[in-house]
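Here is the structure we will look at, set down as structure tokens.
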Amino acid sequence: MENITSNTDILVSGGGIAGPALAYWLRRAGFRPVVVERAPAPRPGGQTVDLRGAGRTVIARMGLLERAAELAVEQRGIALVDRRGRHTARMPTELFGGEGIVSDLEILRGDLAELLYEATADDVEYLFDDTLTALHEDADGVRATFENAPPRRFDLVVGADGLHSATRRLAFGPESEHFVPIGGCTAWFTARLDLDLDGWFLMYNAPGGLVAMARPGRLPGETKVALSFRSAPLAHDRRDRAAQQRLLTGKFTGAGWETDRLLAAMADADDFYFEHLGRVRLDHYTRGRTALIGDAACCPTPLTGLGTSLALVGAYLLAGELATARGDFTTAYAAYQHRMRPYAAQAQQLPPGGMRGYAPGSAPMIALRAASMRWMTRWPLRRVMEAQAAKAADVELPYYAQAFA
């Protein structure tokens with residue numbers, strides 16, 4: 001604690017990936033972080049996330065890369081399939097230095113969250129089954145009010161609580177001012193069915209802007225599924241799972257390939273999640289004593305494959321700048337903004353074609369998409385893919401050697 005002169009007590013809202021990663025670095029620097037998480041425990045399972053570029057570097061500096069590799073999901077790469085299940089294009093994981101559409105190190109979101117929790121549980125206070133309800137800032141700190149726990153005062157607050165961040169809403173304003181839809185919705189869930197993936201992440205496009213995806217889980221008999229479709233923003237109750245599943249059933253029934261089997265498995269999934277696809281856009285990631293990291297600050301959408309990198313890098317940079325400034329949050333927040341914003345801006349750029357490229361609307365465009373993937377290993381499209389892959393590492397990560405000593 002001798003290096004930190006002020007603002008030592010920091011509330012971190014969100015116990016997924018960004019929050020525990022931030023708590024890890026803050027604790028190493030001598031701060032006293034407290035993590036509040038709405039779930040009753042670290043959330044298990046979930047879909048696979050990429051450990052690539054600078055995000056992988058952060059995990060390595062935490063000393064967790066070897067363990068993450070042990071938990072990685074084995075995948076041969078991504079393959080597009082037609083309605084009969086025949087491969088129409090493939091991109092193996094080893095292409096583009098392991099930084100292609102499917103990286104050579106992917107881990108279930110729940111496994112990564114559990115790994116980060118285990119790395120912090122012994123010396124970081126966690127408030128599970130709770131959430132922020134109000135923030136009252138004054139000249140000396142912030143009074144945080146919770147749904148369950150009694151109010152507490154903190155020097156600083158960091159929102160690491162995802163796309164629908166309560167912290168962002170309380171400190172920066174309504175979500176409608178910061179969330180920019182990209183024209184689609186998606187659902188994720190785990191299916192337990194006998195589907196022969198042969199180690200591939202399979203992706204099926206159907207006319208009408210429909211996308212069905214299935215990829216291997218880490219455990220035998222598990223298939224990780226995503227169903228996406230192009231759409232204007234929908235008015236829906238985020239808690240009404242039955243209505244969301246009826247919507248998906250109406251769109252995907254009879255669409256071809258394995259969609260009917262995936263829909264049947266959806267009803268029994270215990271981790272079903274439905275969401276609009278969109279980006280979070282903020283001019284500044286800090287306001288007063290509150291800062292944002294990860295999806296709360298700069299969600300790039302799953303189409304980029306860079307959400308985990310942004311979360312890990314943001315956590316590392318914010319903690320490092322706070323430690324370097326010895327708790328002077330005004331100086332630290334400005335430095336964090338300066339380092340993080342260019343990286344986030346690049347990461348938020350969608351792949352060529354955006355939502356239309358991901359979910360083509362007609363059979364000819366679906367065929368063109370498959371052809372484009374086959375051409376990505378050749379000039380000139382290879383350069384496009386190389387540029388997309390390079391975004392994950394395009395940020396300077398100071399060592400902060402003295403701060404994290």
Heavy-atom side-chain proximity of [X] to [Y] below 4.5 angstrom:
{"X": "Val12", "Y": "Val36", "value": "no"}
{"X": "Phe329", "Y": "Leu322", "value": "yes"}
{"X": "Asp270", "Y": "Phe189", "value": "no"}
{"X": "Val35", "Y": "Glu125", "value": "no"}
{"X": "Val102", "Y": "Arg215", "value": "yes"}
{"X": "Tyr358", "Y": "Pro351", "value": "no"}
{"X": "Pro300", "Y": "Leu310", "value": "yes"}
{"X": "Leu51", "Y": "Thr308", "value": "yes"}

Could you tell me whether [X] and [Y] have a side-chain N and a carboxylate O separated by less than 4.0 Å?
{"X": "Arg32", "Y": "Asp123", "answer": "no"}
{"X": "Arg43", "Y": "Glu114", "answer": "no"}
{"X": "Glu175", "Y": "Arg169", "answer": "no"}
{"X": "Arg168", "Y": "Glu177", "answer": "no"}
{"X": "Asp111", "Y": "Arg218", "answer": "yes"}
{"X": "Asp295", "Y": "Arg279", "answer": "no"}
{"X": "Asp155", "Y": "Arg289", "answer": "no"}

Could you measure the distance from the [atom1] atom of [X] to the [atom2] atom of [Y]? Nearest 0.5 Å is fine.
{"X": "Arg356", "Y": "Ser362", "atom1": "CZ", "atom2": "OG", "answer": "10.0 Å"}
{"X": "Leu135", "Y": "Leu170", "atom1": "CG", "atom2": "CG", "answer": "5.0 Å"}
{"X": "Tyr273", "Y": "Glu275", "atom1": "OH", "atom2": "CD", "answer": "4.0 Å"}
{"X": "Leu80", "Y": "Thr88", "atom1": "CG", "atom2": "OG1", "answer": "4.5 Å"}
{"X": "Met62", "Y": "Arg67", "atom1": "CE", "atom2": "CZ", "answer": "14.5 Å"}
{"X": "Leu318", "Y": "Ile10", "atom1": "CG", "atom2": "CD1", "answer": "7.5 Å"}

Tell me if the [atom1] atom of [X] is crowded by more than 12 foreign heavy atoms within 6.0 Å.
{"X": "His87", "atom1": "NE2", "answer": "yes"}
{"X": "Glu74", "atom1": "CD", "answer": "no"}
{"X": "Arg374", "atom1": "CZ", "answer": "yes"}

| Should the ring pair Tyr126 and Phe128 be called parallel, tilted or perpendicular, given that the plane angle runs from 0 to 90° and is split at 30 and 60? | parallel
| said: Below 30° counts as parallel, above 60° as perpendicular, anything between as tilted: where do the rings of Phe252 and Phe229 land? | reply: perpendicular
[X] side chain vs [Y] backbone, donor-acceptor pair below 3.5 Å:
{"X": "Asp130", "Y": "Arg38", "value": "no"}
{"X": "Thr223", "Y": "Pro216", "value": "no"}
{"X": "Thr48", "Y": "Ile107", "value": "no"}
{"X": "Asn148", "Y": "Asp129", "value": "yes"}
{"X": "Asp50", "Y": "Glu106", "value": "no"}
{"X": "Arg369", "Y": "Gly357", "value": "yes"}
{"X": "Gln75", "Y": "Gly77", "value": "no"}
{"X": "Asn7", "Y": "Gly327", "value": "yes"}
{"X": "Gln337", "Y": "Asp283", "value": "yes"}
{"X": "Arg261", "Y": "Asp194", "value": "yes"}

Exercise: do [X] and [Y] side chains pair donor with acceptor under 3.5 Å:
{"X": "Asp161", "Y": "Ser13", "value": "yes"}
{"X": "Thr190", "Y": "Lys224", "value": "yes"}
{"X": "Thr93", "Y": "Asp104", "value": "no"}

Please report the shortest heavy-atom distance between [X] and [Y], naming the atom on each side.
{"X": "Pro20", "Y": "Tyr117", "result": "CB-N, 4.4 Å"}
{"X": "Phe31", "Y": "Ser6", "result": "CE2-O, 4.3 Å"}
{"X": "Ala267", "Y": "Arg241", "result": "O-NH2, 3.3 Å"}
{"X": "Arg61", "Y": "Arg28", "result": "O-NH1, 3.9 Å"}
{"X": "Thr304", "Y": "Ala347", "result": "CG2-O, 3.3 Å"}
{"X": "Trp188", "Y": "Pro302", "result": "CZ2-CG, 3.7 Å"}

| request: Kindly confirm or rule out a cation-pi arrangement of Arg143 over Phe154, judged by NZ or CZ under 6.0 Å from the six-membered ring centre and within 45° of its axis? | output: no
| field | Met385/Ile101 under side chain to side chain contact (heavy atoms under 4.5 Å, CB included): CA gap, chis, key distance, verdict | value | CA-CA 9 Å; Met385 190 63 211; Ile101 296 175; 3.9 Å; yes
| What's the verdict on side chain to side chain donor-acceptor pair (under 3.5 Å) for Tyr343 and Arg339, showing C-alpha distance, side-chain angles and the deciding distance? | CA-CA 7 Å; Tyr343 182 57; Arg339 291 187 183 277; over 6 Å; no
| Is there any salt bridge (charged side-chain N to carboxylate O under 4.0 Å, His left out) pair reaching into residues 386-395, and which pairs are they, with sequence neighbours excluded? | Arg382-Glu386
| request: Show your working on side chain to side chain contact (heavy atoms under 4.5 Å, CB included) between Asp268 and Arg192 and close with a plain yes or no. | output: CA-CA 9 Å; Asp268 298 325; Arg192 289 167 178 80; over 6 Å; no
| request: For the pair Thr145 and Leu132, evaluate side chain to side chain contact (heavy atoms under 4.5 Å, CB included) and give the outcome as yes or no after the intermediate values. | output: CA-CA 6 Å; Thr145 303; Leu132 276 173; over 6 Å; no
| said: If you take the centroid of each ring, where Trp contributes its six-membered ring, are Tyr400 and Tyr316 closer together than 6.0 Å? | reply: yes
| query | Could you walk me through whether Tyr204 and Thr259 pass the side chain to side chain contact (heavy atoms under 4.5 Å, CB included) check? | reply | CA-CA 9 Å; Tyr204 170 66; Thr259 54; 4.2 Å; yes
| request: Would you please test Asp198 and Arg76 for salt bridge (Lys or Arg N to Asp or Glu O under 4.0 Å) and show each step? | output: CA-CA 8 Å; Asp198 193 26; Arg76 297 174 64 182; 2.7 Å; yes
